[in-house]
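Inspection log for the structure reproduced underneath, given as structure tokens.
As the structure is a prediction and not an experimental result, all values here were calculated from the model.
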Amino acid sequence: MNSYRYEAVNEMGKTVTGVIDAESLDHANDLLGARGLTPLSMRDETAAPGGQRLEKLARLFGSVHPEELILFTKQLSTMLRAGIPILRVVDILENQSENPRLKSICRQMGLDIRSGSNLSRSLQRHPDVFSPLYCSMVLAGETSGALPQILERLIYIISHEYQVRTEVRSVLQYPLIVFISLITAFVGLITFVIPQFAKVYTKVKIELPFPTKVCLWLSRLFNEEWPILLVVVGALVLGFLVAVRTVPGRYAWDRLKLEIPLIGPLLLKSALSRFASIFSILQSSGVGILDSIKILSGTIGNAAISRELEGLQKHLEQGHGVARPLMAAKFFTPMLINMVAVGEEAGNLDEMLREVSVHYDAEVEYATRRLTTAMGPVLIVSMAILVGFFALAVYMPMWDLAKLATRL
């Protein structure tokens, strides 16, 4: 006799949970049906303790790389297109998956579907792996009866987003490494090099130049007041992390990122490409405009743009179109707004949005090259300023000492 934890709907339409003892999953479903309950999901609570521990570890520490999610979606689409029943598809995916997290998800999906749940509802139970966009697309495919075709479009979205993010990260990786190297060199000079010169300067009664005074002050701060400095830096980092988890903090940070020279336009064009691509596919998949905007506001990846999309939802609920409210939005370009307006007038909004997506893909590529080209001179100038500052701080007092020695 096994124990099954269930979630079901009673005759009054309320959701109830509990544990039931049965010989099998089908027997448990029959027992719940006899009680007037309609199962939503069911999980075997008497699985081997080791298996339960592994499943919990997979949930806590397991992650799913975008490439693994793309492969999972491709396999799901291919098998459904071949006419294989969904339960058999889930079992095959569970056996073939090498990722512990995906294997655990497929096992739970099989239990959910056997309990009467559908695929989209089962996916919604794993929001850390399947985004609201993913679940909404699957729901649209189940509703329209064209799930394999919808999954093909979903594969394009995931692949497109992964490619754009990879390009942006690859561009920002080099300047980040150089910046960290500069900070490391700065701390090393302040901590180890400057104190050696400070010993010499303290023995000589000469007026120290400004760069040397700054370096000596920083040296004392890093060597003598480092506990206070560590506490202050830790508090600032912790405060920042806490702030960006709040709604106003996330909005302010995401808006600030869009205002940074060179980097801001690249992030904005990437977000607009994502907006147009997803909106186009949602429209061609039969998802309503209002539902599409709701999905986009939760998946656009920038709180500042999401807030503007939330304002757009209110206009849509009042019966307005998409293009006119977008004109009042700050981060949507005139080109995108005009293309949306033409698409609404001509009745081919999805095609116009697809063209916008292609255009901004090219813009992202151009902005990436421009940022890469501009970063070289910026980093060289920054390094020259840092090295020049320390050179002046070290050698200017030496020149004064040499003049003093000549006078003597």
Side-chain angles (χ1 to χ4, degrees), residues 61-80 93 96-103 105-106 120 123-124 126-138 140-141 147-177 254 257-258 263-285 287 292 295-303 305-306 309 350 353-369 371-372:
F61 302 106
S63 60
V64 179
H65 194 270
E67 291 181 348
E68 294 176 319
L69 184 59
I70 293 170
L71 178 60
F72 171 86
T73 311
K74 285 181 178 179
Q75 293 173 335
L76 180 61
S77 173
T78 301
M79 286 188 282
L80 290 176
L93 289 173
Q96 290 184 350
S97 177
E98 298 179 358
N99 186 299
R101 182 77 174 101
L102 275 179
K103 189 179 288 291
I105 289 174
C106 291
S120 60
L123 295 176
Q124 288 173 1
H126 311 281
D128 57 322
V129 177
F130 303 102
S131 64
L133 170 66
Y134 196 108
C135 299
S136 299
M137 292 284 288
V138 171
L147 183 56
Q149 291 78 9
I150 298 295
L151 288 174
E152 289 294 329
R153 296 170 182 170
L154 189 56
I155 291 168
Y156 169 78
I157 291 178
I158 302 173
S159 304
H160 177 264
E161 291 182 358
Y162 177 60
Q163 179 183 358
V164 172
R165 288 181 178 179
T166 303
E167 290 177 355
V168 173
R169 286 175 182 173
S170 64
V171 170
L172 299 180
Q173 186 175 7
Y174 171 69
L176 182 61
I177 292 174
D254 285 349
K257 287 190 293 186
L258 296 177
I263 297 177
L266 175 61
L267 297 177
L268 177 59
K269 290 170 183 177
S270 175
L272 293 180
S273 173
R274 177 186 177 94
F275 169 83
S277 174
I278 296 175
F279 198 3
S280 169
I281 291 178
L282 289 174
Q283 287 296 287
S284 60
S285 301
V287 181
S292 298
I295 294 171
L296 283 164
S297 64
T299 58
I300 197 65
N302 187 286
I305 300 177
S306 295
L309 291 176
D350 57 333
L353 288 168
R354 195 177 302 116
E355 294 294 329
V356 172
S357 174
V358 172
H359 169 78
Y360 277 110
D361 282 344
E363 286 285 324
V364 168
E365 185 178 354
Y366 171 74
T368 301
R369 291 198 303 268
L371 180 61
T372 307

With distance as the sole test, does [X] use its side chain to make a donor-acceptor pair with the main-chain N or O of [Y] at under 3.5 Å?
{"X": "S297", "Y": "L309", "value": "no"}
{"X": "S280", "Y": "L353", "value": "no"}
{"X": "S159", "Y": "I155", "value": "yes"}

K269 and D361: CA distance, side-chain angles, deciding distance, salt bridge (charged side-chain N to carboxylate O under 4.0 Å, His left out) verdict: CA-CA 8 Å; K269 290 170 183 177; D361 282 344; over 6 Å; no
Going from [atom1] on [X] to [atom2] on [Y], what distance comes out if it is rounded to the nearest 0.5 angstrom?
{"X": "S273", "Y": "H359", "atom1": "OG", "atom2": "NE2", "result": "10.0 Å"}
{"X": "Q75", "Y": "L80", "atom1": "CD", "atom2": "CG", "result": "11.5 Å"}
{"X": "L266", "Y": "L258", "atom1": "CG", "atom2": "CG", "result": "10.5 Å"}
{"X": "F130", "Y": "T73", "atom1": "CZ", "atom2": "OG1", "result": "7.0 Å"}

Min side-chain heavy-atom separation L151-L76 under 4.5 Å: yes
Side chains of F72 and N99 in contact at under 4.5 Å (non-hydrogen atoms):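 No, too far: nothing below the 4.5 Å cut-off.
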Taking side chain to side chain donor-acceptor pair (under 3.5 Å) as the test, write out the residues that go with [X], two or more places apart.
{"X": "S306", "answer": "none"}
{"X": "S292", "answer": "Q283"}
{"X": "Y162", "answer": "E67"}

Pairs satisfying salt bridge (charged side-chain N to carboxylate O under 4.0 Å, His left out), at least one member in residues 275-285, at least two apart: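 Output for this query is empty, none listed.
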Pairwise salt bridge (charged side-chain N to carboxylate O under 4.0 Å, His left out) hits with a residue in residues 69-80, at least two apart: none
Modelled atom types, side-chain donor and acceptor of Y360 and S270, under 3.5 Å: no
Least distance between heavy atoms, L102 atom then E68 atom: CD1-O, 4.2 Å
Minimum heavy-atom distance S357-A276, with the two atoms named: N-CB, 3.8 Å
Candidate pair Y134 and L69, rule side-chain contact (heavy atoms from CB on, under 4.5 Å), full reasoning: CA-CA 11 Å; Y134 196 108; L69 184 59; 4.1 Å; yes
Y366: partners by ring pair (Phe, Tyr, Trp, His ring centres under 6.0 Å), with sequence neighbours left out: none
